[in-house]
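The analysis underlying the following values was restricted to heavy atoms, covering all of them including side chains, and did not include hydrogens, waters or symmetry mates. Below, read A as the first sequence line, B as the second, and so on, with proteins coming before strands; counting in each chain starts at 1.
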Amino acid sequence: MEEHTISNHKDYLSTLNEPQRAAVLHGEGPLMIIAGAGSGKTRVLTYRIAHLIENGVDPFRILSLTFTNKASGEMRHRIEAAVGTEARNIWMGTFHSVFAKILRIEARYLGYTSDFSIYDTDDSKSLLRSIIKEFNLDDKTYKANVVFNRISGAKNRLISADDYINNPVIQADDDAAKMKEIGRLYKTYATRCFQANAMDFDDLLFNTNILFRDFPDVLYKYQHKFKHVMVDEFQDTNVSQYLITRKLSAVHRNIVVVGDDAQSIYAFRGANIENILNFEKDFPDVKTIKLEQNYRSTSNIVNAANSVIARNKAQLEKTTFTQNEEGALIDVIKAGSDNEEGRLVATAIFEEKMQKALRNENFAILYRTNAQSRSFEEALRKLGIKYRIIGGQSFYQRKEIKDLLAYLRFTVNQRDEEAFKRIINLPKRGIGDTTVAKIAVAASENNLPIWEVVANIGQYASGRTIAPIEQFATLIKSFKIQVEEGKDAYKISAHIAKTSGILRELYEDKTVEGLSRYENVQELLNGIKEFVDSEANEDKTLSAFLQSVSLLTNADEPDDNNDHDRVTMMTIHSAKGLEFRNVFIVGLEEDLFPSQMMLENRQDLEEERRLFYVAITRAEKKLSFSYAESRYQWGRIKMCEPSRFLLEVDNRFLNVSKMVQNALERDTTPPVTSFARNLIQRKPSEPARAVSPQSAHTPSTDFVPSDTFDLAEGDKVEHLKFGFGEVVKMDVNGTDRKATVKFNLVGEKTLLLSFAKLRILK
DNA sequence: GGGACATAAGTTTTT
DNA sequence: CTTATGTCCC
């Protein structure tokens, strides 16, 4: 990564190109920066903020919103290098962290206390599961996952539970999906969160909107406070986030948004490219600056990336180019299996490292799904190459960590239902599910928070469960006293870890896993100590620590400072904003990347393509693609075919060996897949037509995907790879149905395949 | 209430 | 293959 230390501020302007300088020096009024990959956008943002501060703008009055904690940390660091410690006072962070901070300050307006808990996705789903159970709904039709996504989607569009229930379109939708109770679930879920003094991730934005909508004087305060508002990764903001920033900048109108529509990869989470178009409508006097020159990558890499994105229809007008050298061609590596893919990539890293005298940290392996990391780990370990994995199961998602955090959460906020459920019987105190359910019933019957029942259990229950619950209540009360005495987060946490018995239980577990769990808890305690010792944190209370920790993501793992010369492995999503000298994009197989799920559920090939674009543009000097012909998955060998994305990259930029060339060009043997996506029902009137492998990927209008049809035995169908077939058997099970189809292959062979999950047409 | 065992279900990306 | 849930029995 380039060094951007600014020693003399006159110098830095001279290092910028024309549009970059214009963006840094832009005065008042709205500005939109469309910044291609590698065009120095972080640099521009950094210099702009430094420039504002040098020209007398109070750092307290600058709000800078980024997408990850890492990005904001790095930007703050760079600005500090330019303008000194003043940079600490900038309001900078992710949307979620900045607005969590504001919500804590203003919590009372919404009926929360400033100690509110933040529910992570697991908490939310667990709460939903309980509610679904309480409603006596079938948990096969009402899956917590699906319900959660519906609620989350609604919140991101600022639809409250009441709006949801009263909206006929949404209700018709839910009816059609046979889940008409979602509105009621949403309502109860929201109530329960509120009663628990808890907000989920979406609430942090949703409630900020409510706060600014219903309390004009609060809005007034922040509108006037923030003289300058900056939004990074604007293409990934959702409606809820956009409305907040729009409101905040309505007074001073100094809003700068930076984005690249080609790098929008979070539509699945509600990100909305239309924000870019709305921005021009809402701020008609907006000035637009395009940063189109790529400084990061060789021209082969930039051109390859452009050739991929050029296939997308939805995009803004922009031409990215580079004046960098042509550089090496893109290597295409073909492997027979996932394990071989691991070995070949590891070997390639080893050789390149030796030949060019590179370091481990120059390399990154990027994949579509976290589960792919295994084969690379094994191969790298065998060659003695150090690596680090970003993502996967995050440190903060481990059971033992969440357990201790639940204790801390409950100590701070006794209404936190999810934390309560986690710790009431941990370590084992002989309080089982039935007792917990009884407490919950007593609480709701008397309309009391759970803690009130627990603390006065004698009034609500009798028998042998009373004693352990009273002990538990005493324990929590003793923790609470420490908080009230004003002890810092570390002292309290260490005390809780010891007295609760969590540490002891783990200590007594002498298995390998037990040992590592014990170490993890110690590491968390060390982390808390660091938090308390750090000068940057003024507020050292437990509550403040919990706030900071609940919004950490897997990209913010505690980093080993002395040991960062490692190959980095991560998903492409986590790689956004990063750059590496050598990049390997692996697992380029159909249905893996592009993801089968993405195509089936959202039919959004373009977002997958943008993801590929993001991956390619991470590379500075050297890029390699790899794919495997077979993959071990769920205990089976799955046959794979090369991703269409491989074929979409302009051949001029690829370095394809003869062997791989042949493999890419030959008719691939039909892999045994069972996805209905490939099954096409022929309209009766259409004449038969041969299907070529090329056209197989883009069904013409003559064909309709079978999952919109109700197949029956005897129906003639066509499969994109296997050709014509006949439905010989239908199995119906609720809304799911499975078709068994007989195909006649060339050479009079027959093939029987089952296609699951065909949706019934109403 | 809790341990041992059996069965079923889920597998995209993340603030 | 992993993980969560269900069932049996003490």
Side-chain angles (χ1 to χ4, degrees), chain A residues 65-72 93-100 118-122 124-126 129 133 139-140 143-146 148-149 152 155-156 199-206 233 236-238 240-241 264-271 338 366-372 374 390-394 396-397 399 424-425 427-438 463-465 468 550-556 570-576 587 591-602 604 607-608 610-612 614-615 631-638 736 756-757:
Chain A
L65 297 163
T66 55
F67 212 68
T68 62
N69 295 302
K70 206 172 196 168
S72 79
T94 64
F95 274 93
H96 290 83
S97 69
V98 166
F99 295 115
I118 296 175
Y119 276 179
D120 68 13
T121 314
D122 286 344
S124 301
K125 286 179 186 165
S126 146
R129 261 190 293 273
K133 224 173 202 169
D139 57 5
K140 294 223 166 55
K143 291 185 179 152
N145 242 326
V146 177
F148 176 74
N149 286 335
S152 169
K155 279 188 191 160
N156 285 330
M199 299 192 196
D200 67 18
F201 287 140
D202 302 315
D203 286 335
L204 295 175
L205 305 172
F206 186 85
E233 308 282 11
D236 288 325
T237 54
N238 60 36
S240 177
Q241 291 167 321
S264 159
I265 54 175
Y266 281 100
F268 74 91
R269 212 176 64 192
D338 46 357
L366 307 181
Y367 34 72
R368 178 67 230 272
T369 69
N370 282 307
Q372 283 165 256
R374 199 210 77 243
I390 294 180
Q393 205 201 14
S394 140
Y396 298 101
Q397 281 171 351
K399 184 184 173 302
I424 176 68
N425 199 26
K428 300 262 150 55
R429 314 172 218 277
I431 304 168
D433 295 347
T434 23
T435 313
V436 176
K438 271 184 209 155
R464 63 178 170 137
T465 47
S550 49
L551 293 171
L552 286 184
T553 69
N554 50 29
D556 312 309
M570 61 188 148
T571 62
I572 300 166
H573 281 90
S574 338
K576 192 169 78 162
D591 292 339
L592 182 58
F593 189 24
S595 145
Q596 181 250 129
M597 281 226 170
M598 185 67 130
L599 298 189
E600 232 167 49
N601 297 344
R602 303 178 23 83
D604 199 346
E607 179 152 326
E608 290 289 287
R610 291 193 293 268
L611 195 56
F612 191 40
V614 168
R631 195 167 279 282
Y632 193 66
Q633 209 175 42
W634 313 322
R636 293 170 178 281
I637 303 283
K638 186 188 114 194
D736 274 351
K757 290 185 183 165

Asks: Report yes if at least one side-chain N or O of A:Lys428 is closer than 4.0 Å to OP1 or OP2 of B:dG3; otherwise report no.
Replies: yes
Asks: Check the phosphate of B:dG10 against A:Lys143, side-chain N and O only, distance under 4.0 Å to OP1 or OP2. Yes or no?
Replies: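 A:Lys143 to B:dG10 OP1/OP2: side-chain N or O found under 4.0 Å.
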Asks: Please report, rounded to the nearest Å, how far the P atom of B:dT15 is from the NZ atom of A:Lys155.
Replies: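 Those two atoms, NZ and P, are 18 Å apart.
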Asks: Of the nucleotides B:dT15, B:dT12, B:dG2, which one has an atom closest to the side chain of A:Thr369?
Replies: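 Looking only at heavy atoms from C-beta outward on A:Thr369, the closest nucleotide is B:dT12.
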Asks: Just how far, in rounded Å, is C1' of B:dT14 from CD1 of A:Ile572?
Replies: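 Between C1' of B:dT14 and CD1 of A:Ile572: 14 Å.
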Asks: At 4.0 Å (heavy atoms only), tell me whether A:Asp202 reaches a base, stays on the sugar-phosphate, or touches nothing.
Replies: nothing
Asks: Toward the 5' end of DNA chain B, which comes first, A:Ser595 or A:Thr435, by nearest nucleotide?
Replies: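 With A:Ser595 and A:Thr435 compared, the 5'-side residue is A:Thr435.
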Asks: Between A:Ser595 and A:Leu592 (side chain of the first, backbone of the second, donor and acceptor by atom type, cut-off under 3.5 Å), is there such a pair?
Replies: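 Flag not set: sc A:Ser595 to bb A:Leu592 has no pair under 3.5 Å.
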Asks: Under 3.5 Å, is there a donor-acceptor pair between the side chain of A:Arg610 and the main chain of A:Ser264?
Replies: yes
Asks: In terms of side-chain heavy atoms of A:Thr121, which of B:dG3, B:dT14, B:dT15 is nearest?
Replies: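 Given the options B:dG3, B:dT14, B:dT15, the side chain of A:Thr121 is closest to B:dT15.
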Asks: Separation of A:Leu204 atom CG from B:dT15 atom C1', in whole Å?
Replies: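 It works out to 9 Å between those atoms.
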Asks: Between A:His573 and A:Phe268, does the side chain to side chain contact (heavy atoms under 4.5 Å, CB included) criterion hold? Intermediate values first, please.
Replies: CA-CA 12 Å; A:His573 281 90; A:Phe268 74 91; 3.8 Å; yes
Asks: Atom CE of A:Met570 and atom P of B:dT13: how far apart are they, to the nearest Å?
Replies: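 Roughly 15 Å, once rounded to whole Å.
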Asks: Compare the minimum distances between each of B:dT15, B:dG3, B:dT11 and the side chain of A:Asn145, then state the nucleotide with the smallest one.
Replies: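 Of all the options, the side chain of A:Asn145 is nearest to B:dT11.
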Asks: I'd like to know if A:Arg269 reaches the base of B:dT13 with its side chain such that a donor and an acceptor end up less than 3.5 angstrom apart.
Replies: no
Asks: With a cut-off of 6.0 Å (strictly less than), are more than 12 heavy atoms of other residues, nucleotides or ligands near NZ of A:Lys143?
Replies: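 Open.
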Asks: Would you tell me if any nitrogen or oxygen in the side chain of A:Thr571 comes within less than 4.0 Å of OP1 or OP2 on B:dT12?
Replies: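 No, A:Thr571 has no side-chain N/O under 4.0 Å of OP1/OP2 on B:dT12.
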Asks: Can you tell me the distance, in whole Å, between the NZ atom of A:Lys125 and the P atom of C:dA4?
Replies: 12 Å
Asks: Looking only at atom P, what distance separates B:dT13 and C:dA4, rounded to whole Å?
Replies: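 B:dT13 and C:dA4 have their P atoms separated by 16 Å.
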Asks: Quick one: do A:Arg269 and A:Asp236 make a salt bridge, cutoff under 4.0 Å?
Replies: no
Asks: With DNA chain B as reference, determine whether A:Phe148 or A:Glu608 sits nearer its 5' end, using the nearest nucleotide of each.
Replies: A:Glu608
Asks: By a 5.5 angstrom centroid cut-off and a 30 degree plane limit, is there stacking between A:Phe268 and B:dT12?
Replies: no
Asks: Over all strands shown, is A:Tyr266 touching base, sugar-phosphate only, or nothing at heavy-atom distances under 4.0 angstrom?
Replies: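 A:Tyr266: backbone/sugar contact only, no base atoms under 4.0 Å.
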Asks: Find the distance A:Leu366:CG to B:dT14:P and express it as a whole number of Å.
Replies: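 In whole Å, B:dT14 P and A:Leu366 CG are 12 Å from each other.
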Asks: Are side-chain N/O atoms of A:Thr121 and A:Ser124 paired as donor and acceptor at under 3.5 Å?
Replies: no
Asks: Between atom CZ in A:Arg129 and atom C1' in C:dT5, what is the gap in whole Å?
Replies: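 Between C1' of C:dT5 and CZ of A:Arg129: 11 Å.
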Asks: At less than 4.0 Å, is any side-chain N or O atom of A:Asn370 found next to OP1 or OP2 of B:dT14? Yes or no.
Replies: yes
Asks: In whole Å, I'd like the distance from the CZ atom of A:Arg631 to the P atom of C:dC1.
Replies: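 One finds 18 Å between P of C:dC1 and CZ of A:Arg631, rounded.
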